[in-house]
Amino acid sequence: MEIVEFYEVTKKYGRVEALRNASFKIPGKSVTALLGPNGAGKTTSMKLIMGFSKPTRGKVLVWGLEPWRREDLRIRLGYLPERPIYPLDAVVEDLLFHLAKLRGLGKSEVERVIKLTGLGDYRESKIGSLSRGYMQRLGIAQSLLGEPELLVLDEPTANLDPAARREVLELLKTLHKELNVSMIISSHIIPELQEIANYAVFIDRGVILDYGSLEDLWRKYRVEPLFIIETLDPGRVAKQLVEKPFVNAIRKLSPSKLEVLIDPENYKTFEKTVSELGELVLNYEFKSANLGDLYEKITRGRS
Amino acid sequence: MRRSHVVGVKRIYVFSSIVISKRLLAFLVVASLLNLGLIYMILFSKISIPDLSIESIFVLVVGLYRILMLNYATTVAREVKSGEIQLYLAHTLRRLEYVVTTLIAIDLLPLVILLTPYLAFLGVIEPGLILRGETINLVPLLLVDFTICASIYTLVASRGRDTLLVVIGVVMALLSILITPLSISMVAYGRDISLTIGYLGSLITSILAPYAYSVAYNLYAHLPYPYQPLNPVFSTLPSPTIMSIISLTTSIFVLVATILWFKRRDV
Ligand SMILES: Nc1ncnc2c1ncn2[C@@H]1O[C@H](COP(=O)(O)OP(=O)(O)OP(=O)(O)O)[C@@H](O)[C@H]1O
Ligand SMILES: [Mg+2]
């Protein structure tokens, strides 16, 4: 079932069209990357999902309901704002406690999100004194209050140094695994969400370029998917695979690991072939192709 | 999911208590200082200007309240402007609840100041005595006065206009302290153009500063003998009671408009 649906949504700010006839869908239980350059309309889309603003034309649905009319939807959503909008003179745990109270929750919920986001050492700090990385952790912590079903995270890695960026991405990955929550994450740095996302919406200057599951998009834009095969006999497996017409390249990574590049059209056929190899293959996994390549192909197809 | 049309009284309570708990101490300190000042003024005025009533002193005090009420109103304006409001809305506060909380919190400071002397005497003096006291009958009119001011502040604050809010605050204070008494005196004794301006001014201030209007109106309406006779047109000024009802209605109207508009606004 879809959690988010946009039907020909236009959003104007005065004369600026932040979104133009945008239509896309996001299925449940996905981690969606909302990708596009600065000014593409990512924040605008997220505010529409949160019900903070109202579409000028078209329809936005979240779980089948219009969020700007149905304020009760927000109890099922968690939101990380693009800019830190927290009261800077407040203490970390006080702010979390106040926000939890609004949701009808208590101290134990605050403890849970502090633990999940590793804010323990900073619980009594003034928000204004936090580093950017920890400010972002606080943002993620508050978004987790009340165990929302969908997290809407607006550029969680923006303005962070590479180390802090890594940490935040790792944190999001862990959270996705542990909490099994759906996420929509926006970024203007295209490849960075590669490891976490399984669905993507590409947007530029208010126009949706394309969207879909990454698997479908690899295939559609002929970005070669890459598989890692673990086997005790790489030589034999390689020999069998190399005959297949849809296998483009094979590389030996280690004595027991092969990297296989395949034709995007034949994703399923390849999986079947691998399973036919039976005992020979210990394990195989899909390693995503490059989101950057995909983005390049999508934008090239457009212009 | 159940659709709830009910205003979350609980959320309003939670959010106002969060907002108020941050400034309750400051409120009480200001309240005590102001009340001390008031007592001093009353004692002092009884000695030097025997005719100055407690009602007239309160006109000054109301002007001061109007400035103090800006304190929370500007916080709200900044919350709206900076987007901090998204944080509270994201955590299930509804737009309507945000507006109602704003009104309550803006109104609260003058209420605390107004009621602390009574609360302080409660338990010391017999309650009946307080209720029959000289100042308690001013309370309903003062409430009407706070409410029109608070609802106008709420309107401006919910648009995130913090600078405009301060300008309006100063104007509201001046209306109470200066413009109302001036307008009414112009109606009482003015000629030609000043009479017309005074009359218009009185009508406006009767709604926007109902307390000051009532005090000034009654002052002139009940002048004792040796004073110069008033312009006949003075008697056509609407009565303060009617005007305070109209003022209250205006407050409600402003508030409803604020809510309707705020519900459609991008935050
Ligand atoms: N409140 C607003 N008033 C006027 N214009 C706005 C407003 N919000 C967004 N815009 C404009 O709408 C367009 C899309 O903005 P949006 O913030 O959605 O982009 P974005 O993809 O989030 O960009 P970024 O990566 O810079 O955050 C931009 O041209 C922006 O200037
Ligand atoms: Mg943005």
Side-chain angles (χ1 to χ4, degrees), chain A residues 11-13 18 43-44 46-56 63-65 67-91 94-105 109 127 138-139 142-143 145-146 148-149 151-152 154, chain B residues 1-26 71-72 74-102 105 158-160 259-267:
Chain A
K11 177 67 192 177
K12 286 190 188 176
Y13 292 107
T43 300
T44 305
M46 293 190 146
K47 285 188 176 170
L48 287 165
I49 293 171
M50 290 304 296
F52 293 154
S53 56
K54 171 177 173 277
T56 313
W63 290 296
L65 302 167
W68 85 269
R69 284 181 211 273
R70 293 295 302 267
E71 297 199 271
D72 49 346
L73 271 179
R74 291 199 288 265
I75 197 157
R76 301 168 71 187
L77 298 167
Y79 178 61
L80 173 75
E82 178 173 41
R83 283 173 297 119
I85 50 175
Y86 319 106
L88 296 179
D89 55 342
V91 170
D94 289 353
L95 176 72
L96 289 173
F97 183 50
H98 288 157
L99 297 176
K101 270 208 287 196
L102 277 176
R103 283 184 179 255
L105 302 164
E109 180 63 5
I127 294 172
L138 169 65
Q142 61 79 26
S143 77
L145 287 169
E149 296 160 58
L151 292 180
V152 179
D154 199 351
Chain B
M1 197 181 352
R2 192 175 56 91
R3 178 161 191 174
S4 149
H5 289 286
V6 187
V7 181
V9 176
K10 188 165 169 237
R11 274 192 302 271
I12 291 181
Y13 170 75
V14 169
F15 193 55
S16 355
S17 59
I18 290 169
V19 162
I20 290 159
S21 67
K22 285 191 208 159
R23 41 195 102 225
L24 196 61
L25 187 67
N71 169 279
Y72 184 62
T74 48
T75 308
V76 170
R78 274 187 223 117
E79 260 173 35
V80 172
K81 198 171 165 184
S82 73
E84 188 182 324
I85 178 180
Q86 288 173 16
L87 202 59
Y88 307 114
L89 295 189
H91 289 287
T92 72
L93 196 70
R94 313 268 165 94
R95 288 157 191 256
L96 168 66
E97 294 160 5
Y98 186 79
V99 174
V100 172
T101 306
T102 301
S158 67
R159 293 183 170 234
I259 288 169
L260 289 180
W261 173 83
F262 194 66
K263 282 198 131 197
R264 307 181 64 86
R265 183 189 195 275
D266 291 352
V267 296

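Values in this document were obtained by computation on a predicted structure and should not be read as measured data. In what follows, chains carry the letters A, B, and so on, assigned in the order in which the sequence lines appear, proteins first and then strands, with residues in each chain numbered from 1.
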Identify the two heavy atoms, one from B/Arg95 and one from A/Gly51, that lie closest to each other, and give their separation to 0.1 Å.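 Smallest interatomic distance, heavy atoms only, reads NH2-O, 2.9 Å.
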
Show the nearest heavy-atom pair for residues B/Leu89 and A/Arg74, with the distance to one decimal.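 So the two residues come closest at O-NE, 2.7 Å.
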
Atom [atom1] of [X] and atom [atom2] of [Y]: how far apart are they, to the nearest 0.5 Å?
X	Y	atom1	atom2	answer
B/Gln86	A/Lys47	CD	NZ	5.0 Å
A/Thr56	B/Asp266	OG1	CG	8.0 Å
B/His91	A/Leu95	NE2	CG	8.0 Å

Only pairs under 3.5 Å count here: list side-chain donor-acceptor contacts from residues 81-91 of chain A, not counting sequence neighbours, and write none if there are none.
{"unit_1": "A/Glu82", "atom_1": "OE1", "unit_2": "A/Thr43", "atom_2": "OG1", "d": "3.1"}
{"unit_1": "A/Glu82", "atom_1": "OE2", "unit_2": "A/Thr43", "atom_2": "OG1", "d": "3.3"}

For B/Lys263, does the NZ atom sit with more than 12 other heavy atoms under 6.0 Å from it, leaving out its own atoms?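 No - once you tally the heavy atoms of other residues, nucleotides and ligands closer than 6.0 Å, there are 12 at most.
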
Should we count OH of B/Tyr13 as having more than 12 external heavy atoms under 6.0 Å?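 For B/Tyr13, atom OH is not crowded (no more than 12 foreign heavy atoms under 6.0 Å).
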
Region of A/Phe52 that comes under 4.5 Å of a non-hydrogen atom in chain B: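 For A/Phe52, backbone and side chain are both near chain B.
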
Which atoms of A/Phe97 are under 4.5 Å from chain B, going by heavy atoms: the side chain, the backbone, both sets, or neither?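 No part of it gets close to chain B.
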
Partner chain A: residue of B/Arg78, B/Arg265, B/Arg264 with the largest heavy-atom pair count (under 4.5 Å):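 Result: the option with the highest number of such pairs is B/Arg264.
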
Which one, B/Val14, B/Leu93, B/Ile18, leads in non-hydrogen pairs under 4.5 Å with chain A?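 Among B/Val14, B/Leu93, B/Ile18, the one with the most close pairs to chain A is B/Ile18.
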
By side-chain contact (heavy atoms from CB on, under 4.5 Å) - contacts of B/Thr101 (at least two apart):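 B/Thr101 satisfies side-chain contact (heavy atoms from CB on, under 4.5 Å) with B/Ile12, B/Phe15, B/Ser16 only.
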
Taking side chain as C-beta onward, heavy atoms only, is A/Glu71 less than 4.5 Å from B/Thr92?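 When only atoms from C-beta onward are counted, B/Thr92 and A/Glu71 do not touch, as no gap falls below 4.5 Å.
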
